[in-house]
Participant: 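Below is a structure I'd like to ask you about.
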Protein chains: 2
Amino acid sequence: MKTAPKTRDIVNVNTRERILNAAEVLFAEHGFERASLRALTAEAGVNLAAVNYHFGSKAGLIRAVFERRLAPLNAERLNELAALERAARGGPLPPERIIEAFFGPVLRMSMDRRPAARGGSTQRDRGAGSGHRFIRLLGRAHTESRQAMRELLEAEYVEVVERFKAALTRALPQVPEKELAWRMHFTLGAMSYVIAGTDAVQLSASYEVRQSEHPESVMKRIVPFLVAGLTAPLPEAGERGAGANAPANGRRDDRNAERKAA
Amino acid sequence: MKTAPKTRDIVNVNTRERILNAAEVLFAEHGFERASLRALTAEAGVNLAAVNYHFGSKAGLIRAVFERRLAPLNAERLNELAALERAARGGPLPPERIIEAFFGPVLRMSMDRRPAARGGSTQRDRGAGSGHRFIRLLGRAHTESRQAMRELLEAEYVEVVERFKAALTRALPQVPEKELAWRMHFTLGAMSYVIAGTDAVQLSASYEVRQSEHPESVMKRIVPFLVAGLTAPLPEAGERGAGANAPANGRRDDRNAERKAA
DNA sequence: GTCTATAATTGGATAGAC
DNA sequence: GTCTATCCAATTATAGAC
């Protein structure tokens, strides 16, 4: 609000945000390398030099794109978890609720498919819209090997991961720590795959699985799957020999309560 | 074998394979865009122009890298499944075995960490070694948006997915088709996350989870998790309203046998 | 089949006027 | 803050000698 904006009247957004929005679109569509600043500024309807003015470099722009989104997303996760813990008054939480608190925010974001608000054009760019673009971008970032990218993601995630890990540890005392670490790993994998969704790896899934589902519907499917996995019978104590010849130990549902198995 | 190879004596590999090996290394490390043909041919110890001679273009090289690996990998999966089905003589397979047949080959490949055989140098480049490099590359390919890449992967995967889907459908008759499609999706996600492993998304997992494990050990952990998920109690019939207020339906282990729920 | 040299493009970044 | 014009580095791809 320094001086009156250039031409547009009311609903226009400033150059900085126009760039961030266009970057989100084009990075998600073509990757960080192939999306050129030229294409990007054209999409945003701003001048080429504006990127360097506002973000210093292309790398700075990439960083800004992630910071804008990840902070509120993870804050929401922590809020939901904190609300659950308040309601539980110190008791352990049902694992279902923990999963929902972690996955809900990102799932809802990934299914927010408002049209792209492309072109240099104007009104209703509000808040950059359509979170699923950012989610695709996030999936892309996970396979990035750049040092800076990894550090960025790690910094944004470390707190939520620790908090949710603690909550799950209390919720599932019968699962040894190391086993739980792996099961969280599997859980995160299933979640990531779902939100990566549409054009990433869907090919390997069956073709009936489409993103036309509502978030609640997906949640209703994935929660029982993950809770069953998290509370599954523990593998036998011996670390070795679960090869293809091990007996199919079927569907027992006993929960051994040993902690820290080997 | 047309004329005697340039200088090296016995164990040298031809230019074509040297390029493929170097491409696998550098594409996995830096991505398809950032790994230049210059860096790549330097790594391989071959001339820059050789890439275009042997593969037509950089895109052609990328295609060749994937084709060399995916075909045998998926053939192995189909072989293992076929062996199981022969042994079962027409009966349904235990889901544990199906998961192992699908995941075993890629898991073993991902944990094959023979050193990179880098540099222009020579002997023991055999078969390109260390499959985990290719696995990382595969993870990267999944987030690629290029049309050609998607078609390539889809073509390589369609048969295995169909065959394994059929096997799981027979193994889990109590799970409705659509539900099973989702559960396969979750399953593939957990698997992908594990093999993407080391530097991809490990940050979000807990730091105790390391790739130092043996394939059998990982398999022993993931199989019970996935089988429990695949055989989990079905969500209630109504499609709506599994929001954060649904009752925590805990750990029943009843399996409703309805097929095709809404 | 392999090499050198170079063409043809495209990219990120910046200087300096406004 | 925005713009034009331009620099400079790096890329893929190819032509043509060997």
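By convention in this document, chain letters (A, B, ...) are assigned in the order of the sequence lines, proteins followed by strands, and residues within each chain are numbered from 1.
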Participant: Mind checking Ala50(B) for me? I need base, sugar-phosphate or nothing, with any heavy atom below 4.0 Å counting as a touch.
Facilitator: nothing

Participant: Answer yes or no: is there a side-chain heavy-atom contact under 4.5 Å between Phe27(B) and Arg133(B)?
Facilitator: no

Participant: Measure from CD on Glu17(A) to P on dG1(D) and round the result to the nearest Å.
Facilitator: 13 Å

Participant: Taking the axis from the first five pairs and the axis from the last five, what angle separates them in the helix from dG1(C)-dC18(D) to dC18(C)-dG1(D), rounded to 10 degrees?
Facilitator: 0°

Participant: Do the non-hydrogen side-chain atoms of Phe103(B) and Thr187(B) ever get within less than 4.5 Å of each other?
Facilitator: no

Participant: Quick check: do Leu152(A) and Glu67(A) have side-chain heavy atoms less than 4.5 Å from each other?
Facilitator: yes

Participant: Nearest whole Å is fine: how far is dG1(D) P from Tyr53(A) OH?
Facilitator: 5 Å

Participant: What is the distance, rounded to the nearest whole Å, between atom CD1 of Ile19(B) and atom C1' of dA13(D)?
Facilitator: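 In whole Å, dA13(D) C1' lies 14 Å from Ile19(B) CD1.
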
Participant: What's the CG-C1' distance between Leu61(B) and dA13(D), to the nearest Å?
Facilitator: 14 Å

Participant: With a sphere of 6.0 Å drawn around CD of Glu159(A), does it hold more than 12 non-hydrogen atoms of other residues, nucleotides or ligands?
Facilitator: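 12 or below, so no.
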
Participant: What's the separation between atom NE2 in His132(A) and atom CD in Glu24(A), rounded to the nearest 0.5 Å?
Facilitator: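 Answer for the NE2-CD pair, His132(A) versus Glu24(A), is 10.0 Å.
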
Participant: Nearest 0.5 angstrom please: Ser110(A) OG to Arg108(A) CZ, how far?
Facilitator: 10.0 Å

Participant: On the nucleotide dG1(D), are OP1 or OP2 found under 4.0 Å from the side-chain N or O atoms that Asn47(A) carries?
Facilitator: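 Indeed not, no polar side-chain atom of Asn47(A) lies that close.
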
Participant: Just by distance, do the side chain of Arg140(B) and the backbone of Ala28(B) share a donor-acceptor pair under 3.5 Å?
Facilitator: yes

Participant: What N/O pairs connect the protein and nucleotides 7-12 of chain C at under 3.5 Å? Give each pair on its own line.
Facilitator:
| unit_1 | atom_1 | unit_2 | atom_2 | d |
| --- | --- | --- | --- | --- |
| dG12(C) | OP1 | Lys58(A) | NZ | 2.6 |
| dG12(C) | OP2 | Leu37(A) | N | 2.8 |
| dG12(C) | N7 | Arg38(A) | NH1 | 2.8 |
| dG12(C) | O6 | Arg38(A) | NH2 | 2.9 |

Participant: List the residues meeting side chain to side chain donor-acceptor pair (under 3.5 Å) with Arg77(B), not counting sequence neighbours, and say none if there are none.
Facilitator: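 Result, side chain to side chain donor-acceptor pair (under 3.5 Å) vs Arg77(B): Asn74(B).
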
Participant: OP1 or OP2 of dT2(C) versus the side-chain N and O atoms of Thr15(B): is any pair under 4.0 Å?
Facilitator: yes

